[in-house]
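One structure is given below, encoded as structure tokens.
Each ligand, and each atom within it, is numbered from 1 in the order the structure gives.
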Amino acid sequence: MESSSYRFLFMELNPSYWLGNSILITVISIPFFYYIYSRYRFGYWKRQGIPGPKPTPIIGNMFSLSKPQPLMQLEFQKQFGEIYGIYRGLEPALVVADPAIIKRILVQDFHLFRNRNAPIKSSNIASQNLASACDDNWKRIRSILSPMFTTSKLRKMEGLMSQCIESLVNALDRLVDQKKSFKVHDVMGNFTMDVIAKCAFATETNAHHDKDNQFVKNARSIFELNIVAGLSRFLLPQWLQDFLRNIRAPFFRNDSSRFFNDISYHLIRQRRNNPDLKFDDMLQLMVKAEHKTGQFSDEEDKFDSHHVNVGEEEKRQEEMILKDIIGSKYLSEEEIVAQCFVFFLAGYETTASTLTFCLYELAKYPEIQDKLYEEVRAVLDKGEKLDYEHVMRMPYIDAVISETLRHHSPAVALTRIAAEPYHIPECNYTLKKGGMVRIPVYAIHHNPKYYPEPDRYNPERFMPENRHKIVPYTYLPFGGGPRNCIGMRFALSEAKLGLARIISQFSFFKTPETPNELRIENSFVLMKTVPVYVGVRRRN
Ligand code: HEM
């Protein structure tokens with residue numbers, strides 16, 4: 001035999017040759033089979049007869065480097081209308097922008113859409129926070145927490161908020177003296193950080209001054225864009241994400257959340273050991289919270305905020321869902337820690353962005369700012385204070401904040417998971433058990449059918465004489481139904497009290513650094529735009 005034939009025979013008998021070849025074939029065939037499998041999965045909506053955009057291999061329709069999600073929503077709405085199918089990674093999700101279907105999903109058939117994500121299997125702290133909790137666990141926590149966010153409880157926090165507003169006013173005073181435009185989000189972020197640190201963590205941050213404060217540093221690192229973790233949320237199965245977090249893999253380590261959990265544990269024990277000390281913050285309300293039937297809202301709540309989707313039907317549904325609970329009537333130590341963290345996550349950036357976008361629009365439209373000033377001035381001229389009682393009943397400030405939340409809603413979409421197969425006659429499609437519905441808030445808020453001239457910032461839409469023209473379930477900055485934003489009243493009071501006070505003392509104006517348009521940028525969760533700079537001067 002020739003030597004090359006020997007070599008061939010030798011190779012055939014050599015196990016390492018076989019192993020090497022098998023690995024090579026596997027490595028080549030995985031992408032091939034994945035491609036075939038994903039092509040099959042990506043054919044789902046076509047097979048159902050539901051229109052939708054072409055997905056990008058692997059990531060589907062959730063992310064595009066060239067187009068931020070809100071703009072993708074607008075484009076898809078133009079092309080496919082109010083019902084279409086997309087893919088989150090390989091998973092199909094039905095997008096619904098029709099207000100009648102949205103009402104059924106968020107309110108009337110809420111018992112079939114209680115969750116916004118699939119239940120998290122692991123029992124870590126994150127799975128116990130209100131935003132991620134599922135089914136009866138969610139119901140139990142929400143029914144204990146809801147009475148904390150009624151008007152009468154929020155009023156008690158006015159004093160804490162006022163101290164933070166005082167620091168905000170001082171920070172703006174210093175900026176006037178510097179005579180240059182300032183980055184609005186930095187200042188508003190410091191304000192909302194101070195508020196949430198004081199109200200949820202009983203911690204003094206003084207974020208305007210103390211940049212090295214550990215609380216401030218850890219908080220900022222949580223909000224830094226982490227592309228790997230962001231993409232993994234819809235590409236990797238939940239068990240793998242949990243595993244990577246548990247082994248503290250790079251990009252999945254959460255040292256900052258551990259920092260906040262440690263603070264909360266420490267404070268809860270301190271409060272439990274000193275039951276006679278009095279506090280008016282959320283932490284104290286949670287330590288004392290107990291589920292009681294029929295105390296989920298106040299008669300006064302309706303004066304606080306204009307929220308077109310909260311009517312009698314919604315209130316009845318909420319009462320019915322939350323009235324009886326299974327399990328403990330109290331929150332455990334671990335559950336309180338989980339809520340402190342989610343209040344911080346959900347409350348800091350959303351409210352900071354709202355105030356940032358609001359000051360941008362006021363600087364751009366001086367006539368709107370003047371009208372707001374007149375309203376605030378009228379209260380002061382009568383010798384009254386800009387307190388909760390007065391500010392929460394002022395129609396124009398409500399219209400300004402509402403229009404800001406319409407035009408620049410921080411949350412760009414809502415999600416719900418079907419607990420059972422659910423038929424939607426409008427598109428003759430039955431969602432499977434576990435199937436996802438996505439509600440494209442940004443596109444709905446910019447649909448000319450519901451908001452004429454949707455790109456125009458026009459607070460008049462939300463004045464009492466015009467509100468009735470808003471079609472229910474087309475205004476969703478805080479979501480809707482029993483699983484809407486629990487912090488809505490807290491956020492609105494913080495934003496309105498802060499805004500009223502600063503408008504009474506300062507005026508804001510455009511500078512060469514102020515962007516002509518708020519160009520939207522890519523982000524995974526909340527709305528993000530180019531940085532906003534405006535100028536500030538003291539009123540005489
Ligand atoms: C302008 C500020 C805010 C905006 C725009 C906002 C928006 C939202 C939205 C859209 C949702 C989802 C609702 C749904 O799925 O129907 C939500 C949920 C939530 N928000 Fe807010 N939010 C804000 C401020 C706050 C604040 C200040 C807190 C806490 C103090 C908070 C705590 C929560 C929690 C815990 C949830 C989950 C509720 C549940 O699953 O039962 N939010 N928020």
Side-chain angles (χ1 to χ4, degrees), residues 102-103 105-107 110 113-117 126-135 137-146 148-149 153-154 157 160-161 164 188-189 191-193 195-201 281-283 285-286 296 305 307 309-310 314 318 321-322 335 338-358 401-402 404-417 436-442 444-445 473 475-496 498-499 525-527:
I102 293 175
K103 182 173 182 185
I105 288 173
L106 295 182
V107 182
F110 177 77
F113 291 96
R114 295 204 298 199
N115 301 337
R116 67 167 63 88
N117 47 272
S127 67
Q128 298 177 44
N129 79 49
L130 186 67
S132 335
C134 289
D135 302 314
N137 193 27
W138 167 78
K139 198 171 129 173
R140 200 191 122 250
I141 299 174
R142 176 102 188 192
S143 60
I144 299 174
L145 292 176
S146 279
M148 273 176 48
F149 289 91
K153 297 280 170 34
L154 286 177
M157 280 182 240
L160 296 178
M161 281 188 195
C164 304
M188 295 303 139
F191 166 57
T192 59
M193 175 100 62
V195 171
I196 207 77
K198 229 184 227 303
C199 294
F201 290 88
D281 53 29
M282 291 187 193
L283 190 71
L285 290 172
M286 284 195 277
F296 306 118
S305 56
H307 191 52
N309 303 329
V310 182
E314 286 74 14
E318 187 181 4
I321 299 283
L322 301 181
E335 283 169 341
Q339 311 322 316
C340 283
F341 189 58
V342 79
F343 291 163
F344 166 67
L345 273 192
Y348 155 68
E349 178 60 33
T350 44
T351 320
S353 302
T354 305
L355 284 167
T356 302
F357 299 141
C358 184
I401 294 287
S402 300
T404 306
L405 285 165
R406 178 201 68 85
H407 200 5
H408 310 288
S409 174
V412 294
L414 311 173
T415 56
R416 291 292 187 272
I417 303 285
M436 177 180 275
V437 177
R438 254 180 102 73
I439 300 171
V441 174
Y442 186 85
I444 298 171
H445 285 186
Y473 297 92
Y475 181 66
L476 298 159
F478 294 102
R483 196 145 193 181
N484 69 352
C485 174
I486 198 170
M488 176 180 79
R489 276 187 206 95
F490 181 90
L492 289 172
S493 56
E494 177 184 0
K496 288 181 188 176
L499 184 61
V525 190
L526 297 174
M527 166 78 102

(message) Test of understanding: with salt bridge (charged side-chain N to carboxylate O under 4.0 Å, His left out), list the residues that count as partners of Arg483, not counting sequence neighbours.
(response) none
(message) Heavy-atom contacts with ligand 1 below 4.0 Å: which residues, ordered by chain and residue number?
(response) Arg116, Leu130, Ala131, Trp138, Arg142, Met282, Phe343, Ala346, Gly347, Thr350, Thr351, Thr354, Pro410, Ala411, Leu414, Arg416, Pro477, Phe478, Gly479, Gly480, Arg483, Asn484, Cys485, Ile486, Gly487, Phe490, Ala491
(request) Please examine the side chains of Cys199 and Phe490, heavy atoms only from C-beta on, and report whether any two atoms are closer than 4.5 Å. (result) yes
(message) Holding to salt bridge (charged side-chain N to carboxylate O under 4.0 Å, His left out), I want the full list of residues that pass it with Glu335, two or more places apart in sequence or in another chain.
(response) Arg140
(request) Side-chain contact test, heavy atoms from C-beta onward, threshold under 4.5 Å: evaluate it for Thr351 versus Pro410 and give yes or no. (result) no
(message) Quick one, Leu405 with Phe478, criterion side-chain contact (heavy atoms from CB on, under 4.5 Å). Give me CA distance, side-chain angles, the key distance, then yes/no.
(response) CA-CA 9 Å; Leu405 285 165; Phe478 294 102; 3.6 Å; yes
(message) Run the ring pair (Phe, Tyr, Trp, His ring centres under 6.0 Å) test against Phe110 and tell me which residues pass, sequence neighbours left out.
(response) Trp138
